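All remarks here apply to the structure that follows.
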Amino acid sequence: MGGSAPRRVHQPPVETTSFVDRRDELAEGRRLLATARLVTLTGPGGVGKTRLAGRIAARVERAFPDGVRFAHLAGLQDPELVPLAAADALGLHDHSEQPPLDTLVEQLRDRRLLLVLDNCEHLLSACAELAAALLHGTTGVRVLATSRHRLALTEEHLLDVRPLPVPDPDSDLSAAATYPALALFADRAAAVAPGFELTPDNRAAVARLCRRLDGLPLAIELAAVRMRVLGVDQLVARLDDRYRLLTTGSPAVLPRHQTLRAAVDWSHELCTEAEQLVWARASVFAGSFDLEAAEAVCADAAPNLNPAQNLNPAPNLNPAPDPDGRAAERHGKAEGDREPEGDREPEGVHPQDVLEAVAGLVDKSVLCREGGPGTARYRLLDTLRHYGIEKLRQRPGEESAARRRQRDWAQEVAAECERRWFGPGQREIVARLRADQDNLRAALEFSLTVPGEARAGLGLAGTLWFYWHACGAPREGRYWLDRALDAHPEPTRERARALWVAGLLAGCPEDLTRGRHRAEDARALARRLGDPAEVAHAEYLLGLMALFGDDLPAALEHYEAAVARNPVDGQLPSLAVLDQVELAASLAFLGHTDRAVQVCEDAHRLCEEHGEEWVRSYVLRVLALAYAERKEWDRAEPHACDALRRKLAVHDVIGIGLTLDLLVVITAARGAHERAAVLLGGADRVWAGIDGNRFGSATYNSARKESETRVRAAVGPGLFDRAYRRGGGLGLTAIVSYALQETGRAVVPGPRRADGGPAPDPVRGDPRLASLTRREREVAELVADGLANQQIADRLVIARRTAEGHVERILGKLGFSNRSQIAAWVSARR
């Protein structure tokens, strides 16, 4: 598998609006993290805990050599997934059968990092258990949590995130702009009514409005959107009318949760009927989603929709200001004059009208627009998502129907990605599935908890075999497959598929016995069902278990027979070609290297014809193995490096570990002993997260062990230990960068040139460095440090748009297509 690692979802949330001053909380958060190992930001919904956590994490990042990672938990419902989500955020890739918390602690024992657990309130026990395990089992890990409720651990230090302070509207307001609540309103109002600013004439009204909203940032932002059609005084008057309605005339101050509820209710009532329905239905998405997903889940085929609506042009998602309210009048009334809908039923949403509804919700700050892999994506803030679910549940049958549509959409996405997997675009497929990870989880959870849906859940889990196996998510794959197999014991094709996939995830590499049993059960069921494709898939796994189990003659006989057969209808092309790869590996290990090379070259041509990367990385590794067996090191090394580069693209952690081990053998044989020791340390760190025993296979381990002995003797214990520790201190991307940078090969393959040739290599001494200005080099360094555009802007005291422009120019000058490639390029130079 190869190329740049897909962006994993462990970064702070993208900031789509300005961050108002919270100087005191930032300072207090930094102070607490300097002395405490668990700090929890608590406060009501909409107060800005997540945004503050991101800012605190950015300020303390330099204190953590192993980095800062975000585990976003809002989209999780199952407590069992909390340690898996944390491991994914930390870039750990556990394949073992140990309890996940034990493995997590073991892998983090010697790390110094900050883990941010965001949105813990609905998973308090699981988050508390995770935090306690990390505090008690490690010394260098600190946890920053955000939650409406404390985790209730004795080690916990609380930072109460309060609403923004608001001045007395009747006091001296000459310094009004220094109050964060007023500054936030002015900033958001200016975004929809250009030219708006705090003045002596309006600042008392703004202060009165912000005080009415209790200084809650989310409520202020929702109210500020109304400035498109209303003045500040009108806004205050209408908000006061709403509060009198909610309190039946009581002069009592509303509690803060009612304040936010009032603001959200008002935003909801000012939406069109279609926008309200799209808001409610979109709330079944557990994470971000794109327009295609919204159309699949939020639309229906209501017969009473006006067909003429389908002829309307697509709206601009960033429409020009409309201060006179005419845009809102297209929906019947100006937004400020819209009357409550009461019990009136929305007519429905045609698929072609979803875009307009999404545009309206973005315009009203209900949906946040953020970048994504290849397309714009949208997200409901957690508070607004829960509100939408509440509205959905008020309509009988709507929630189950929306969740079923969301599951069906997930099935279609998974099936399409599987169809396209043996071909070009694998990196984009992985990025897409990672972006939709929470939505896939929600679809699986629905299927496995609603009566009558288990078979669909089993099918979805099995269809994602390539994602679980090839992209470093085996533990989660086993979790869903085991649940699905228990939920659907009937003899179906979906069960046959799930059995061998579960065996593949168990047997590669941790439990060969379980893997073999699962494969045998899958083959027996597939034969009973008369499904030759699933028989072939199960048999591929049986041969792999023989190979990992050091039974080389049996593996050779098995794959000779498999390759001699023509692929059957329905057989996954990836596994059909992998039959050839494993045949070549068996031949190479048994000394039949000429034939192994020939089999690899045939398989390589097939991969090239289809533009395939992941299987090709295994072909290249076995080709390198065959040349290494012949001691043709100069021919072996380029193929191994090419394989390693491709494996990084889709995060094939097992493949990276295997290839690093092979490069240790090659590097040691060529006399670069210190470099081999660094690679040994890096390889062992990679394997520690997979299977420290490396399958327990003498076939796969003997050459590497011999090389380690030779290297130790050549450099002496002192130099070996220093070099080994250096490699062990490198993360996955860094050790791959180290393995590649001194071979004259790119750390991360960029896009191909128009003539089909590779882009220039991002290595030490790259002449493209001279093409970057001093400021662009600064921005590239900050990108490599994991900072988002807004954080870069804040660090360099420039506008966000300026930072975005720098990043775009850097991508163009370096010939890259994403930020991960910039980060890897900078890492290689470092």
Side-chain angles (χ1 to χ4, degrees), residues 17-25 43-48 51-52 161-267 269-270 321-325 328 334-338 363-365:
T17 58
S18 60
F19 179 80
V20 298
D21 177 34
R22 281 194 180 271
R23 206 167 298 162
D24 293 342
E25 289 95 333
V47 79
R51 182 83 68 92
L52 179 60
V161 183
R162 299 179 179 276
L164 301 173
V166 182
D168 183 344
D170 299 319
S171 66
D172 178 11
L173 295 176
S174 57
T178 64
Y179 283 88
L182 276 60
L184 174 63
F185 179 87
D187 178 84
R188 299 311 302 136
V192 297
F196 177 86
E197 58 183 19
L198 292 174
T199 68
D201 294 332
N202 66 23
R203 55 197 180 196
V206 172
R208 190 168 292 108
L209 176 72
C210 291
R211 173 163 285 206
R212 171 59 84 184
L213 294 171
D214 280 339
L216 283 169
L218 177 57
I220 291 171
E221 292 199 27
L222 290 173
V225 173
R226 306 277 76 77
M227 287 293 293
R228 178 181 293 279
V229 293
L230 298 173
V232 181
D233 290 326
Q234 290 175 298
L235 198 55
V236 173
R238 290 172 188 273
L239 190 60
D240 281 342
D241 287 343
R242 283 206 53 76
Y243 278 30
R244 279 192 290 273
L245 177 65
L246 288 172
T247 58
T248 60
S250 169
V253 177
L254 288 173
R256 284 188 179 123
H257 72 275
Q258 289 183 267
T259 298
L260 182 59
R261 174 67 185 222
V264 177
D265 275 341
W266 192 23
S267 288
E269 290 171 6
L270 293 173
D322 186 34
D324 62 3
E335 288 181 333
D337 297 327
R338 179 172 292 279
D363 185 35
K364 294 175 177 66
S365 291

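Since we're looking at a predicted model, the values are computed, not measured.
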Exercise. Enter the distance from Leu235:CG to Trp266:CH2 here, rounded to the nearest 0.5 Å.
Key: 4.5 Å

Quiz item: In Å, rounded to the nearest 0.5 Å, how long is the span from CD of Glu221 to CG of Asp187?
Solution: 8.5 Å

Self-check item: Smallest separation among heavy atoms of Ala223 and Leu213, with atom names
Solution: CB-CD1, 3.7 Å

Self-check item: Distance (rounded to the nearest 0.5 Å) between Leu222 CG and Leu260 CG
Solution: 7.5 Å

Self-check item: Side-chain touch Met227/Val232, heavy atoms, less than 4.5 angstrom
Solution: yes

Quiz item: Once you round to the nearest 0.5 Å, how far does CZ of Phe196 lie from CG of Asn202?
Solution: 4.5 Å

Quiz item: Any idea which heavy atoms bring Val47 and Val161 closest together, and the distance?
Solution: CG2-O, 3.5 Å

Quiz prompt | Pairs meeting criterion salt bridge (charged side-chain N to carboxylate O under 4.0 Å, His left out) with involvement of residues 193-210, two or more places apart | solution = Asp170-Arg208

Quiz item: Are the side chain of Asp214 and the backbone of Leu216 linked by a donor-acceptor contact shorter than 3.5 Å?
Solution: no

Quiz item: For Ser171, which residues count as a side-chain hydrogen bond (donor to acceptor under 3.5 Å, both in side chains) partner, sequence neighbours excluded?
Solution: none

Quiz item: Taking all non-hydrogen atoms of both residues, which atom of Leu173 and which atom of Ala204 are closest, and how far apart?
Solution: CD1-CA, 3.5 Å

Quiz item: Taking all atoms of both residues into account, what is the closest heavy-atom pair of Val236 and Ala205, and its distance?
Solution: CG2-O, 3.5 Å

Quiz prompt | From OG1 (Thr178) to CG (Leu198), nearest 0.5 Å | solution = 10.0 Å

Practice problem: Work out which heavy atom in Pro217 is nearest to a heavy atom in Gly46; give both atom names and the distance. | Solution: CD-O, 3.3 Å

Quiz item: At their closest point, which heavy atom of Arg226 faces which heavy atom of Leu270, and how far apart are they?
Solution: CD-CD1, 3.0 Å

